[in-house]
**Q** 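So that we are looking at the same thing, I have put the structure below in structure tokens.
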Number of protein chains: 2
Amino acid sequence: MSVTIKDVAKKANVAPSTVSRVIHNSPAISEKTKRKVRKVLKEMGYHMNENARNLVTKSTKAIGIVMKSSAKESLYNPFFPEVIRGIGDFCNKEGFSLSLTTGETEDAIFEDVVKMVQGRRVDGMIVLYSKKDDKVVPYLLKQGFPFVLIGKPSTNMTGITFIDNDNVQAATEVTEFVIGLGHQRIAFLGGSPEFEVISDRLMGFQQAVEQAGLDVPQEYIKLIPLNRIDGIKAIDDLLGLKEAPTAFLVTDLLLAVLLLGLLAERNVKVPQQVSVVCFNHSEFIEFLSTPLTTVDIHTYQLGYEAAKCVFDLIANPEMMEKNIRIPTKIIKGESHFAIEQEIKRKM
Amino acid sequence: MSVTIKDVAKKANVAPSTVSRVIHNSPAISEKTKRKVRKVLKEMGYHMNENARNLVTKSTKAIGIVMKSSAKESLYNPFFPEVIRGIGDFCNKEGFSLSLTTGETEDAIFEDVVKMVQGRRVDGMIVLYSKKDDKVVPYLLKQGFPFVLIGKPSTNMTGITFIDNDNVQAATEVTEFVIGLGHQRIAFLGGSPEFEVISDRLMGFQQAVEQAGLDVPQEYIKLIPLNRIDGIKAIDDLLGLKEAPTAFLVTDLLLAVLLLGLLAERNVKVPQQVSVVCFNHSEFIEFLSTPLTTVDIHTYQLGYEAAKCVFDLIANPEMMEKNIRIPTKIIKGESHFAIEQEIKRKM
DNA sequence: CTGAAAGCGCTAACAT
DNA sequence: ATGTTAGCGCTTTCAG
């Protein structure tokens, strides 16, 4: 059916192994034969059967991506495509291909992982978002299979290489930034604290306000599911306080968009009257009427570094685990500038 | 290293072929032996080496996804994750796995495709977004490799199974809807017409206005690159016209968001003063202060049906090509309601 | 109903 | 520098 190494060998009058060596550019082969064989290779349109090679070399040049909390959840924010772009870029550079889990439920995902690992479909794995009671990471760990985690492992686990941002630190910084603008009443609006990202950011926020000696009442902290109803309620609560916040630290673009909308409806001007700062920079914010000040978590890098790590881990499985933190950066939009000017005016 | 069919055979005192038959649940094997072998299978934690099986069966139970116009472009809209979710769901049901191209450039993507196809890594392919001068589709066609296209093939090509929406039709419908609300001055704001989606939608729009006997001046049609600067300019132009439009048909959420923002800045009320309707529904719009009226293109279905099609095509490669159109649906938000009321009031 | 044997396409000793 | 050979782990005739 399709041309094999044997066909080429026959036509070129050499042994199959010679053809194999030419393909891998072995220095043991004379330039003359190489040329000859390469010509036939091209003529016949030879292409390697990867399954055969994988079978004997026991490697696949492929890595798997575990999409826990699948597409559905990451639907609105560019995290998913962006992190895959990072992973993909690195893999492409190294000639690796990418395999995705397709399961939606925890169990289906677990099955996918087992199939990839045991079925020898991939040489390593990248796990996106790990949650507390997750079977995948322990399984990979037990199998001694090369993998890295994007996110943070459960505290009771060791031996895991993971890539993430320092969300505590990032939140501290951005909070200090807001405090530096002169704000005293800062609200924290975020998603469910069951996600480590959120609880870390909250922690960073609290550390910063404490450090600054500010008093942040409990009503200033809203941790809610990501939907319109709960969002509106939380924001209404905040705006309805007798001592309403003058600044908002928001963990999710969606909530920030909602907030901006509600503020506009109430004729509260951003940034003249309140300041809004939001996590997870994306080019989307350019299209908002009030370009937000955001924290860039460098999603692409997260993916790229993760891929690099599995790659290293595959090459050297005994490598010590490590933890790479991708720095975050405050991207100044316009949702705080005027406040700064106010401050200056006051000075 | 890891347990093979031979190990199991030895321990169970049967031939390797018997084990293979048990795994595939061949009716030729007695229940007794099946039980015995299954027990050992489980005991030893056997798992199939897919590479070995792929090698002999010449099939992979995997399909490839060609991400033309990669993640980077689909970054802001949920199309990419959503379509993959659809594909993934079907594949998962059928025990198929998913492989992604990682290339960013046209050439790199092409290389990825060749590697997948010739390397026998996948049994079929799904191509997302085809553009005019694309090498991938002709290649696949020439190879006689099973694939389906999500989008629309170049007009000069035949024999391609493709899945898409009827964008002309959808645009016609939604335009008629807007006209039905009483609008006479309708603007069309969209991305680059080099994308078939856009030009089709424009065509549908034009057909509908013509049909209704409306006059749409050239200045009402803005086809621009998707960025803030060009967007603002186009919208400013439209709003600055002496006879400014009373309704906007927008092809992209991003532009719609920008439009809403600029309208708010100018104190133009939506929907009291102007109506805005936008293509590509997503749950994101719930978070906008003015819930948009949108056209749902059913991205998930697009992916799901595409997967189903390659699956059928793999099973029966001689199958006639077909074209599946996923219907679109107008999802009424609030960005047009009041206008309807106005109309009624006038009646 | 089960076993023996050949072979999928490739690589990697081991020869020469 | 190149050829020979023996598998990788599985499926699949062909026998029995």
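Letters go in sequence order (proteins before strands), and every chain restarts at 1. Quick note: numbers below take in every heavy atom, side chains included, and nothing from hydrogens, waters or symmetry partners.
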**Q** Set out, in order, the CA-CA distance, both residues' side-chain angles and the distance that settles ring pair (Phe, Tyr, Trp, His ring centres under 6.0 Å) for F96(A) and F90(A), then state yes or no.
**A** CA-CA 8 Å; F96(A) 269 61; F90(A) 182 86; 8.0 Å; no
**Q** For dT11(D), take OP1 and OP2 only and decide whether either is under 4.0 Å from a side-chain N or O of K58(B).
**A** no
**Q** For R53(A) and dC8(D), give me the distance from atom CZ to atom C1', rounded to whole Å.
**A** 14 Å
**Q** Give one of base, sugar-phosphate or nothing for S17(B), where a contact means two heavy atoms less than 4.0 Å apart.
**A** base
**Q** Quick one: does I126(B)'s side chain get under 4.5 Å of I87(B)'s, heavy atoms only?
**A** yes
**Q** Between K61(B) and E50(B), is the closest basic N to carboxylate O distance under 4.0 Å?
**A** no
**Q** Whole Å only: how far is the CG atom of L55(B) from the P atom of dC10(C)?
**A** 9 Å
**Q** Rounding to a whole Å, what distance do you find between I5(A):CD1 and dC10(C):P?
**A** 5 Å
**Q** Are the side chains of V137(B) and P153(B) in contact, using a 4.5 Å heavy-atom criterion?
**A** no
**Q** Provide the full list of ring-ring contact (aromatic ring centres under 6.0 Å, His included) pairs with a residue in residues 99-127 of chain A, sequence neighbours left out, each pair given once.
**A** F110(A)-Y139(A)
**Q** Check each of N54(A), N51(A), D123(A) against T60(A) using the side chain to side chain donor-acceptor pair (under 3.5 Å) test, and report the only one that passes.
**A** D123(A)
**Q** I want to check something: taking the side chain as every heavy atom from C-beta on, are R21(A) and S17(A) in contact at a cut-off of under 4.5 Å?
**A** yes
**Q** Which residues, if any, of residues 18-36 of chain B bring a heavy atom under 4.0 Å of DNA chain D?
**A** S20(B), R21(B), H24(B)
**Q** Taking E43(B) first and then K39(B), would you say they form a salt bridge - that is, a charged N and a carboxylate O separated by under 4.0 Å?
**A** yes
**Q** Closer than 3.5 angstrom, by distance alone: can the side chain of T57(B) be matched with the main-chain N or O of R53(B) as a donor-acceptor pair?
**A** yes
**Q** Between E50(A) and P16(B), which residue's closest nucleotide on DNA chain C lies nearer the 5′ terminus?
**A** P16(B)
**Q** Nearest-Å distance, CG (N49(A)) to P (dC8(D))?
**A** 18 Å
**Q** For DNA chain D, please output the secondary structure as dot-bracket, reading 5' to 3'. Pairs are Watson-Crick or G-U wobble, both atom distances under 3.5 Å; mark crossing pairs with [ ], other-strand partners with |, unpaired with a dot.
**A** ||||||||||||||||
**Q** With DNA chain C as reference, determine whether V56(A) or K6(A) sits nearer its 5' end, using the nearest nucleotide of each.
**A** K6(A)
